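Notes to accompany the following structure.
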2 protein chains.
Amino acid sequence: MRHPEAMNDQQPGQDATDSLEPAKAGVSSRRIADYLRTAILNGELAPGTRLRQEEIAERLGSSRIPVREALRMVEADGLVTVKSYSGARVAKLDFNEFDTAYRIRERIDPLALTLSLQEITDEDVARLEALQTEVEETTSPDRFVALDRQFHLATYTGCTDKQLLATVTRFWNTTQHYRRAYAQLIDDRGRSIITYEHRLLIDAIHRRDPVDAERFLSGHIRRTRITLAEHPELFD
Amino acid sequence: MRHPEAMNDQQPGQDATDSLEPAKAGVSSRRIADYLRTAILNGELAPGTRLRQEEIAERLGSSRIPVREALRMVEADGLVTVKSYSGARVAKLDFNEFDTAYRIRERIDPLALTLSLQEITDEDVARLEALQTEVEETTSPDRFVALDRQFHLATYTGCTDKQLLATVTRFWNTTQHYRRAYAQLIDDRGRSIITYEHRLLIDAIHRRDPVDAERFLSGHIRRTRITLAEHPELFD
DNA sequence: CAGCTTGCGATTGTGTCCAATCGTCAGTAG
DNA sequence: CTACTGACGATTGGACACAATCGCAAGCTG
């Protein structure tokens with residue numbers, strides 16, 4: 001399997017070693033951008049948190065210049081918003097933005113999956129099943145979120161298009177906060193629905209059936225959106 | 001009508017005054033990014049062109065720092081690629097990337113249109129018809145490309161979601177080069193097909209019919225992709 | 001002559017200093 | 001007491017100087 005852990009928009013050249021820590025090598029601005037992305041996705045930096053350039057620079061042992069470039073990159077990812085002379089803050093999606101992000105995912109994730117089916121190997125499918133077993137067994141909400149994410153991104157292993165993967169990942173990222181919050185309050189019934197849908201999805205992938213795969217996936221994402229929308233307390 | 005000319009990812013606050021020139025106000029890095037985007041989309045900077053920081057800085061009367069931030073932003077737009085210690089170049093899409101970009105557009109442009117229909121006014125529709133008349137009347141390929149782009153983006157006037165518009169615009173941008181090249185060799189038959197499809201689209205928008213609007217639009221984009229793919233000479 | 005090595009020039013990456021701008025909080029007038 | 005105003009501090013934006021890295025070409029070696 002290729003890159004199940006492509007959480008960040010890694011540039012070609014460096015592998016996403018399986019760690020949750022940002023890469024240690026390469027140019028500062030990219031390392032800093034990775035650090036920020038990881039911290040935001042992990043929830044260490046909550047939405048709305050102010051990001052002061054000097055503080056980040058000091059913490060990572062560099063000067064403000066690479067930090068500023070990193071902030072521009074992460075801004076383009078939609079994870080922070082930068083206002084002139086006012087500073088950067090961790091981005092916060094309101095309900096409408098959340099809703100639209102999910103509707104976008106309902107359309108492009110299935111495309112990535114269809115393209116992935118053309119290249120996916122039996123080993124990839126076996127890895128998917130193993131991941132899904134882990135998803136089902138874990139009891140930790142944080143670990144569930146991470147594994148669920150790994151599982152879905154792993155279904156796109158066979159998709160080779162950088163732009164599409166970057167776009168798919170982008171909307172996974174901007175909505176990550178809400179999945180994390182939801183995982184804290186999901187019940188057994190919700191878990192079993194997810195399990196059922198994932199198993200259907202794996203089966204369609206195993207059969208290399210793009211129609212079923214797309215149908216199951218878009219339905220899965222749609223139901224997730226609807227379920228999340230039923231919890232208004234997640235949106236301030 | 002709101003922002004028919006939203007070619008670049010304008011940040012909130014500054015209006016996209018109808019000019020083709022980048023904005024003159026605001027922070028340097030954004031102005032420079034706008035300049036680069038506009039120059040690339042106009043074809044003044046051909047794919048593969050090397051972008052040296054100092055040259056850009058000198059031309060725009062600033063130092064390299066804001067240029068570097070601008071390059072990071074435009075890199076995130078997919079319009080340039082930056083390699084460490086090696087420099088930035090205007091991005092070039094190969095055939096597969098072109099194909100995928102269009103398939104993405106076939107899925108998300110209709111979504112933007114459907115969301116737009118909920119807010120679009122009769123004045124907006126009238127503006128669309130006027131634009132389409134201009135499209136039909138022009139004989140200049142360059143002007144045709146610009147007007148066709150304006151027309152389509154104008155159909156998304158009612159879509160208020162920034163992320164979606166930014167994503168839609170992104171793929172318009174990365175594929176702009178091929179539309180420009182194709183416009184040079186399009187024939188009357190091609191033009192009349194486009195006219196017909198645009199008129200159908202306007203009618204569906206006028207009726208606020210999301211099903212027809214999406215069907216016509218995705219078909220229009222799909223046929224454009226297929227037509228472009230029939231000209232391998234466009235891809236090196 | 002081919003292939004490798006090395007050194008130089010060009011270009012990018014980073015650190016430091018100064019200028020521009022924004023938010024806030026006193027202070028004052030109404 | 002409220003609303004406005006102005007000045008100050010904090011923070012970001014920009015310019016310059018220097019270090020790090022890469023690509024290429026000249027030169028050496030077999």
Side-chain angles (χ1 to χ4, degrees), chain A residues 8-14 22-37 39-40 45 48-77 79-92, chain B residues 8-14 22-37 39-40 45 48-77 79-92:
Chain A
N8 304 339
D9 301 331
Q10 305 282 352
Q11 282 306 104
Q14 67 244 31
K24 295 276 191 295
V27 172
S28 281
S29 54
R30 293 206 194 282
R31 292 199 304 112
I32 297 171
D34 279 345
Y35 166 81
L36 290 173
R37 276 190 277 256
I40 293 171
L45 295 172
T49 305
R50 185 164 179 192
L51 300 171
R52 284 184 305 114
Q53 299 173 357
E54 196 161 9
E55 185 182 317
I56 299 169
E58 192 177 347
R59 174 178 309 194
L60 301 188
S62 76
S63 89
R64 283 171 49 219
I65 304 284
V67 173
R68 290 170 51 169
E69 290 182 35
L71 285 173
R72 295 299 188 194
M73 293 189 264
V74 184
E75 177 188 29
D77 291 338
L79 290 176
V80 313
T81 58
V82 178
K83 233 176 66 182
S84 294
Y85 292 104
S86 172
R89 285 175 180 280
V90 178
K92 182 182 266 177
Chain B
N8 304 339
D9 301 331
Q10 306 281 352
Q11 283 305 104
Q14 69 241 31
K24 297 275 192 294
V27 171
S28 281
S29 55
R30 293 204 194 283
R31 292 199 305 110
I32 296 171
D34 279 345
Y35 166 82
L36 290 173
R37 276 190 278 254
I40 293 171
L45 295 172
T49 305
R50 185 164 179 192
L51 300 171
R52 283 184 307 113
Q53 299 174 356
E54 196 161 10
E55 185 182 317
I56 299 169
E58 192 178 347
R59 174 178 308 193
L60 301 188
S62 76
S63 89
R64 284 171 47 219
I65 306 284
V67 172
R68 292 166 58 93
E69 290 184 33
L71 285 173
R72 295 299 189 194
M73 293 190 263
V74 184
E75 176 188 29
D77 291 338
L79 290 177
V80 313
T81 58
V82 178
K83 233 176 66 182
S84 294
Y85 292 105
S86 171
R89 288 175 179 278
V90 178
K92 182 182 265 177

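Since this is a predicted model, take the numbers as computed values, not measurements. Atom set for the values below is all heavy atoms of this structure, side chains included, hydrogens, waters and symmetry mates excluded. Numbered from 1 within each chain, the chains take letters A, B, ... in sequence-line order.
Screening A/Leu51, A/Ile32, A/Val80 for a side chain to side chain contact (heavy atoms under 4.5 Å, CB included) involving A/Val74 leaves a single residue, A/Val80.
If you take CZ of A/Arg52 and C1' of C/dC22, they are 15 Å apart, rounded to a whole angstrom. Computed from coordinates, the B/Arg72 CZ to C/dT12 C1' distance equals 10 Å when rounded to whole Å. One atom, CD of A/Gln53, and another, P of C/dT21, lie 16 Å apart when rounded to the nearest Å. With rounding to whole Å, B/Glu54 atom CD is found 8 Å from C/dT11 atom P.
Set against C/dT12, D/dG14, C/dG23, the side chain of B/Tyr85 has C/dT12 as its closest nucleotide.
Between B/Ser86 and B/Arg50 the shortest heavy-atom distance is O-NH2, 3.6 Å. A pairwise comparison of heavy atoms in A/Ala76 and B/Ala76 identifies CB-CB, 3.0 Å as the closest pair.
The side chain of A/Ser28 places an N or O atom within less than 4.0 Å of a non-bridging phosphate oxygen (OP1 or OP2) of C/dT14. An OP1 or OP2 oxygen of C/dG13 is reached within less than 4.0 angstrom by no side-chain nitrogen or oxygen of B/Lys83.
The base of D/dG14 is not paired with the side chain of B/Arg68 by any donor and acceptor separated by under 3.5 Å.
Within a 6.0 Å radius of CD in B/Glu55, more than 12 heavy atoms belonging to other residues, nucleotides or ligands are found. Enclosure of atom CD in B/Glu58 is not indicated, since only 12 or fewer non-hydrogen atoms of other residues, nucleotides or ligands lie within 6.0 angstrom.
Residue A/Leu51 is classed as a sugar-phosphate contact, given heavy-atom separations below 4.0 Å to backbone atoms only. Residue contacts for B/Ile32: at a heavy-atom cut-off of 4.0 Å it reaches no nucleic acid atom on any strand shown.
Looking at B/Arg72 and B/Glu75, a side-chain N of the basic residue comes within less than 4.0 Å of a carboxylate O on the acidic one, giving a salt bridge. Here B/Arg37 pairs with B/Asp34 in a salt bridge; the nearest charged N to carboxylate O distance falls below 4.0 Å.
Remark: B/Arg64, B/Ile65 in residues 55-65 of chain B come within less than 4.0 Å of DNA chain C through at least one heavy atom.
Listed for the B/Arg89 side chain is a donor-acceptor partner under 3.5 Å among the backbone atoms of B/Gly48.
From one end of the helix from C/dC1-D/dG30 to C/dG30-D/dC1 to the other, with five pairs defining each end axis, the axis direction shifts by 10° (rounded to 10°).
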So B/Leu71 and B/Leu36, side-chain contact (heavy atoms from CB on, under 4.5 Å) or not? Walk me through it.
CA-CA 8 Å; B/Leu71 285 173; B/Leu36 290 173; 3.9 Å; yes
